Amino acid sequence: MVHFVGAGPGAPDLITLRGAELLKTADVVIYAGSLVNPALLELCRADCEIRNSAEMTLEQVLSAMEAAEQAGKTTVRLHTGDPCLYGAIREQMDALDALGIPYDDTPGVSSFCGAAAAARAEYTLPEVSQSVVITRMAGRTPVPEGESIAAWARHGASMVVFLSAGMLEGLQAELLKGAYTPATPAALVYKATWPEEKVVRCTVGTLAESGREHGISRTALVLVGNFLEPDYERSKLYDPTFTTLFREASQ
Ligand code: SAH
């Protein structure tokens, strides 16, 4: 059996209880060494075989899983954040299906949630934005046409840009092709929930400059949108004049 597990954004106590339990009992752990906090590996049994997938190809990962399965062992495949975002999990699941190896998936706290917590922010504010765009700049992995940053920027919604901290000049230029202006608030969140976490507040116009100034070029998310501003309408859900399924309006 293979268990895909979301490790969370960094702080070792942000893995789920289920994920921690699976790590504690695993015979083999294959972890994404580029971003998973190694402190999590302290949960593993002393005799657990631990492999770092940053140094492995998909084929090597699969053959390690296959060897474990043949030996009747349990494998945990530990991904950063939640495996469903930029996790390359689908290709592993499809290959396991073809090999007849059973698997399941335990979600984790994605870094976009860790970044909001670090910035003390809410992406969905009434009258400001009710949508969050999760995307990335095209890099060595291309982005399908119609999903360019400039295309999303037209909506002016809250945006979280992954995997792009090394391309802030280009990102800034793309963002300005849409509804954002140089004054639209933005933030660079470096290593959210890690001890070295940094939140740099800036604007779309000063994004690249802020990255340079603070030496942030990787392991960071770029947050963009007016949700980072102080102005918004309070929620209807907790408004005394608003009746909900669970509460009558009192005024
Ligand atoms: N599955 C992961 C994302 C993997 S892609 C998740 O759900 O978070 C790797 C990218 O995620 C990094 O380049 C960076 O943009 C972002 N990232 C991962 N962990 C981060 C953290 N703790 N703080 C800020 N960004 C992070």
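One-based numbering, in listed order, for ligands and for the atoms of each. Here the structure is a predicted model, which is why all the values come from computation and not from measurement.
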Participant: Taking only residues two or more places apart in sequence or in another chain, which ones pass salt bridge (charged side-chain N to carboxylate O under 4.0 Å, His left out) with Glu233?
Facilitator: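 By the salt bridge (charged side-chain N to carboxylate O under 4.0 Å, His left out) rule, Glu233 matches no residue at all.
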
Participant: Answer yes or no: are there more than 12 heavy-atom neighbours, outside Glu248 itself, under 6.0 Å from its atom CD?
Facilitator: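 It does not: Glu248 CD has 12 such atoms or fewer within range.
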
Participant: Could you pull out every protein residue that has a heavy atom closer than 4.0 Å to ligand 1, ordered by chain and then number?
Facilitator: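 Answer by chain and number: Pro9, Leu35, Thr80, Gly81, Asp82, Leu85, Tyr86, Ser110, Ser111, Phe162, Leu163, Val189, Lys191, Ala192, Trp194, Thr219, Ala220, Leu221.
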
Participant: Are the side chains of Phe4 and Thr106 in touch, meaning some heavy atoms are under 4.5 Å apart?
Facilitator: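 When only atoms from C-beta onward are counted, Thr106 and Phe4 do not touch, as no gap falls below 4.5 Å.
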
Participant: Same cluster for Val61 and Met93 if Ile/Leu/Val/Met/Phe/Trp/Tyr side chains link at under 4.5 Å?
Facilitator: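 Yes; tracing contacts between hydrophobic side chains, which count when under 4.5 Å, links both residues.
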
Participant: Anything under 3.5 Å between a donor and an acceptor, one on a side chain of residues 19-28, the other on a protein residue two or more places apart or in another chain? List them.
Facilitator:
unit_1: Thr25; atom_1: OG1; unit_2: Glu21; atom_2: O; d: 3.0
unit_1: Thr25; atom_1: OG1; unit_2: Leu22; atom_2: O; d: 3.3
unit_1: Asp27; atom_1: OD1; unit_2: Arg45; atom_2: NH1; d: 3.3
unit_1: Asp27; atom_1: OD1; unit_2: Arg45; atom_2: NH2; d: 3.1
unit_1: Asp27; atom_1: OD2; unit_2: Thr74; atom_2: N; d: 2.7

Participant: With clusters built from Ile, Leu, Val, Met, Phe, Trp and Tyr whose side-chain heavy atoms come within less than 4.5 Å, directly or transitively, what are the remaining members of the cluster of Val200, listed by chain and number?
Facilitator: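 Members alongside Val200: Val133, Met137, Ile149, Trp152, Met159, Val161, Met167, Leu168, Leu171, Leu175, Leu176, Tyr180, Leu188, Tyr190, Val204, Leu207, Ile216, Val222, Val224.
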
